[in-house]
Protein chains: 2
Amino acid sequence: MLEPLEPLIRALARLPGIGRRTAERIALRLVRDRSRSLAHELRRALEELDDAIRLCRRCGAVTSAAEDPCRLCTDPHRESGVLCVVEDPADIEQVEKSGGFRGRYFALMGKLSPMRGESVVNPRFEELCRRVAEERIGEVVLALNTDMESDATAAYLRDRLAPAGARVTRIAVGLPAGSGIAYSDPVTLAAALQGRRPL
Amino acid sequence: MLEPLEPLIRALARLPGIGRRTAERIALRLVRDRSRSLAHELRRALEELDDAIRLCRRCGAVTSAAEDPCRLCTDPHRESGVLCVVEDPADIEQVEKSGGFRGRYFALMGKLSPMRGESVVNPRFEELCRRVAEERIGEVVLALNTDMESDATAAYLRDRLAPAGARVTRIAVGLPAGSGIAYSDPVTLAAALQGRRPL
């Protein structure tokens, strides 16, 4: 009986975090809503996405078509000599929320995947190297994740950015704030020990 | 930074089973996809929903605009004297999959909510009574859920349908197939005991 809804269910199930069952539930909810207000709101938002929303051409943050480069790239009060490199546009949001960074950003839109034997390198990596050299960036802060692929990406970028003369740093791995040693996993704790700093 | 995506995030978060975080992830995924193929597929499916998909005007099952009443209502090989009453169009799908029913369907599109003190009764209830009387239905099988509101709905329908002379039955509550007494909850087990049948 759900055959007529198949195209919608399939489209929904392609979204991250949505399985087949949830997609079915959503599709049924949309078709049951006689006013179709939910479906219309979603359509309008998707049209707007197409017309008015962009990833900033400089840093990759989410921005409107009217503000490209984005506010983070054009704000004169931000330090232009420090560049925070993240994997994903959403990570820019997280770093901003932390309040711990006041420089510029650069989203890689991915990372190296040595496990998948990829030798093809993300063109954003080239763009990063060009930008660091051209803008005479003093420090590149790698705010990457802490998995193996991110580690490989960090090592690769450190080597690639060396000729440009920028200092390359990486954010600390350690115990989460408000947490305790009793609850830490051994890998995190070992990293926190290794990253100890003088008081 | 996610402000431009707010309308899309809000629309997504209104869907069942999708929280704010998942909505953000989906919105970012859609905006990161440069070809926008995912967003376009979803838009097309939503347009089709609007143009071509209906709930059957007789039983409420999902159907195409070209088949209304739906195949279940028009199939001459199905018994027309037995009517299975469900709460939701999706439940019709489930009952069909079970292979345990070969009559007609009727989806209530809801149930009584005595806890919310609702005295307003679903207009579908009136439609059901009319249909049972007009089509001289011999048996109404209530395939409702097993919560309190469904129980109230079953009791209400039993009383309302009495004048029409139809037998009103309700599907059994009991242990799930393949499960054991050790894993049953007391309420289910009590209901299974009460519903015991001669062998």
Side-chain angles (χ1 to χ4, degrees), chain A residues 1-12 14-19 21-32 34 36 38-50 52-56 60-65 67 70-72 88-90 92-93 96-97 105 107 109, chain B residues 1-12 14-19 21-32 34 36 38-50 52-56 60-65 67 70-72 88-90 92-93 96-97 105 107 109:
Chain A
M1 296 310 101
L2 295 185
E3 293 140 42
L5 286 178
E6 262 314 311
L8 180 58
I9 293 169
R10 267 200 302 270
L12 289 166
R14 283 181 63 199
L15 301 174
I18 298 194
R21 289 302 287 267
T22 306
E24 287 182 6
R25 251 179 82 203
I26 293 172
L28 280 159
R29 169 67 187 282
L30 290 171
V31 77
R32 265 194 59 177
R34 272 169 196 259
R36 298 283 156 95
L38 206 50
H40 289 169
E41 183 182 337
L42 199 51
R43 272 177 68 179
R44 271 195 306 275
L46 288 166
E47 278 159 31
E48 195 197 326
L49 176 75
D50 228 15
I53 298 170
R54 299 278 179 281
L55 294 182
C56 169
V62 176
T63 189
S64 63
E67 283 189 313
C70 74
R71 262 176 281 170
L72 293 169
D88 206 274
I92 295 178
E93 178 83 3
E96 273 302 287
K97 273 189 195 153
Y105 287 97
M109 308 295 166
Chain B
M1 298 310 101
L2 294 184
E3 295 140 41
L5 285 178
E6 264 313 310
L8 180 57
I9 293 170
R10 266 200 302 270
L12 289 166
R14 283 182 63 199
L15 300 175
I18 298 195
R21 291 301 290 266
T22 306
E24 286 182 8
R25 251 179 83 202
I26 293 172
L28 281 158
R29 169 67 188 281
L30 290 171
V31 76
R32 267 195 58 177
R34 270 166 199 264
R36 298 281 156 98
L38 205 49
H40 289 169
E41 184 182 336
L42 200 51
R43 271 176 68 179
R44 272 195 306 274
L46 288 166
E47 279 159 31
E48 195 197 326
L49 176 75
D50 227 14
I53 298 170
R54 299 279 178 281
L55 295 182
C56 169
V62 176
T63 188
S64 64
E67 282 189 314
C70 74
R71 263 176 281 170
L72 293 169
D88 206 273
I92 295 178
E93 178 83 3
E96 274 301 287
K97 273 189 196 154
Y105 288 97
M109 309 295 166

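Here the structure is a predicted model, which means the values were calculated and not measured. In what follows, chains carry the letters A, B, and so on, assigned in the order in which the sequence lines appear, proteins first and then strands, with residues in each chain numbered from 1.
- Considering SG of C56(A) and OH of Y105(A), their distance stands at 12.5 Å, rounded to 0.5 Å.
- For the set G60(B), A27(B), A90(B), P16(B), the entry with the most heavy-atom pairs within less than 4.5 Å of chain A is P16(B).
- For the pair L42(B)/L15(A), a side-chain contact is recorded, criterion being any heavy-atom separation below 4.5 Å from C-beta on.
- Between R43(A) and D50(B), the closest side-chain pair of non-hydrogen atoms falls below 4.5 Å.
- At least one side-chain heavy atom of L5(A) sits less than 4.5 Å from a side-chain heavy atom of L49(B).
- Checked against side-chain hydrogen bond (donor to acceptor under 3.5 Å, both in side chains), R14(A) has the following partners two or more places apart in sequence or in another chain: E41(B).
- Only the side chain of L28(A) comes within less than 4.5 Å of a heavy atom of chain B; its backbone N, CA, C and O stay farther away.
- Listed options R10(B), R44(B), R29(B) were ranked by heavy-atom pairs under 4.5 angstrom with chain A; first place goes to R29(B).
- The candidate from L55(B), L12(B), I53(B) with the greatest count of non-hydrogen atom pairs under 4.5 Å with chain A is I53(B).
- Using a 4.5 Å cut-off between heavy atoms, L30(A) contacts chain B through both its backbone and its side chain.
- At a 4.5 Å heavy-atom cutoff, E67(B) makes no contact with chain A through either its backbone or its side chain.
- Under the side-chain hydrogen bond (donor to acceptor under 3.5 Å, both in side chains) criterion, R54(B) pairs with no residue at all, not counting sequence neighbours.
- In this structure, the portion of R36(B) lying under 4.5 Å from any heavy atom of chain A is its side chain and not its backbone.
- Annotation: the span from L8(B) atom CG to E47(A) atom CD amounts to 11.5 Å, rounded to 0.5 Å.
- Taking chain A as the reference chain and counting heavy-atom pairs below 4.5 Å, the highest number among R25(B), E6(B), E24(B) is found for R25(B).
- Among the candidates A107(A), A45(A), S64(A), the residue making the largest number of heavy-atom pairs closer than 4.5 Å to chain B is A45(A).
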